[in-house]
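In what follows, chains carry the letters A, B, and so on, assigned in the order in which the sequence lines appear, proteins first and then strands, with residues in each chain numbered from 1. Since the structure is predicted, the reported quantities are computational estimates derived from the model, not experimental observations.
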Amino acid sequence: MPELPEVETTRRGIAPHLEGRTIKGLVVRQPRLRWPIVPALKRSLPGQKIHAVERRAKYLLLRLDKGTLILHLGMSGSLRILPADTPPNPHDHVDLLFDGQCLRLRDPRRFGAVLWTRSDPAKHKLIHHLGPEPLGNDFDADHLYQKSRRRQGAVKNLIMDGKVVVGVGNIYASEALFRAGIHPARACNRISQARYQRLTEEIKAVLSEAIEQGGTTLRDFQQEDGRPGYFAQQLQVYGQEGEPCPSCGKGIQKKIIGQRSGYYCSHCQR
DNA sequence: ACAGTAACCTGTTTGC
DNA sequence: TGCAAACAGGTTACTG
């Protein structure tokens, strides 16, 4: 479900409900997510105040008194703010309780995570090796070009590699490559600096636009209040196999690249 | 350092 | 209609 725009949309939605509030309890109905939720959290979280809700890559960081709660939504996770007494659905695995309200994690496929660290989350094992934020100044054409030089694999895999740049998932990788006119399977080291400049700009543009629209809802993504994201209407190639290219009218093609479906126009993208 | 694959899960769609 | 296979927005871990 969530790529960077969906996670950022979630962050913006939940932050006003959480910042400044004190955790009253933790309910874990299913501890077996990507990694097990440690039982000690039930004891250590209550009483701690949430100072900020931040994001690094697709991780949400809840800065508490004594450390940071790290949340990841995996493929199918979503967070909602609900009245504390709302009956849970089958895949509602975790509630963070406040006075009258709760933050509820729903995640049918259980690829998500709830982790705790007492030290700087930037140094956490799952975060320290990550590349720059796509919307930050550290991500630019020079960076992408340098990372591309020794790689012979498909460019789609390059931009989806979290060590190169974070937050670009399967939807927005296809969209950015279409907008940049680059074939997703083209070898990284056979693309010019000028074309990487364009690709960098299109990655930033498509992610920014998607955030403005509240993300992309394909099947089950919802914002914290239950509304869908509206960027699906703007998708030009993702999921559009056989449909006419918005630019030239030729049929959109689908090809498996790095175990994931890539969508592209073989006329407009070279 | 890089490339390719399997794995973690469940729900929905597709194909015979 | 029914059942099984294929597929889905992410990421790690392992192999060569």
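Counting non-hydrogen atoms under 4.0 angstrom, A:Tyr59 reaches the backbone sugars and phosphates but no base. Within 4.0 Å of A:Arg110, counting heavy atoms only, lie sugar-phosphate atoms of the nucleic acid but no base atom. Across all strands, A:Lys125 comes closer than 4.0 Å only to sugar-phosphate atoms, never to a base (heavy-atom distances). Counting any heavy atom pair closer than 4.0 Å across all strands shown, A:Arg32 reaches no nucleic acid atom. Residue contacts shown for A:Gln152 are limited to sugar-phosphate atoms, with no base heavy atom under 4.0 Å away.
For a distance-only test at 3.5 Å, the side chain of A:Arg151 fails to qualify as a donor-acceptor partner of the base of B:dA3.
One interatomic measurement links the two molecules: CD of A:Gln259 to C1' of B:dA3, which rounds to 11 Å at whole-angstrom precision. For A:Asp107 and B:dC9, the CG to C1' distance is 9 Å, given to the nearest whole Å. Between the CE atom of A:Met160 and the C1' atom of C:dT12 there is a distance of 14 Å, given to the nearest Å. The separation between A:Leu126 atom CG and C:dA13 atom P is 7 Å, rounded to whole Å. Look at NE2 on A:His129: it is 13 Å from P on B:dC2, rounded to the nearest Å. Nucleotide B:dC9 holds its P atom 8 Å from the CZ atom of A:Phe111, rounded to whole Å. Residue A:Lys254 contributes atom NZ, which lies 10 Å from atom P of B:dT14 at whole-angstrom precision.
Ring geometry for A:Tyr263 against A:Tyr238 counts as perpendicular: the plane angle is over 60°, on a 0 to 90° scale with 30° as the lower cut. Under the 30°/60° scheme for interplanar angles, the aromatic rings of A:Phe231 and A:Tyr172 are found to be tilted.
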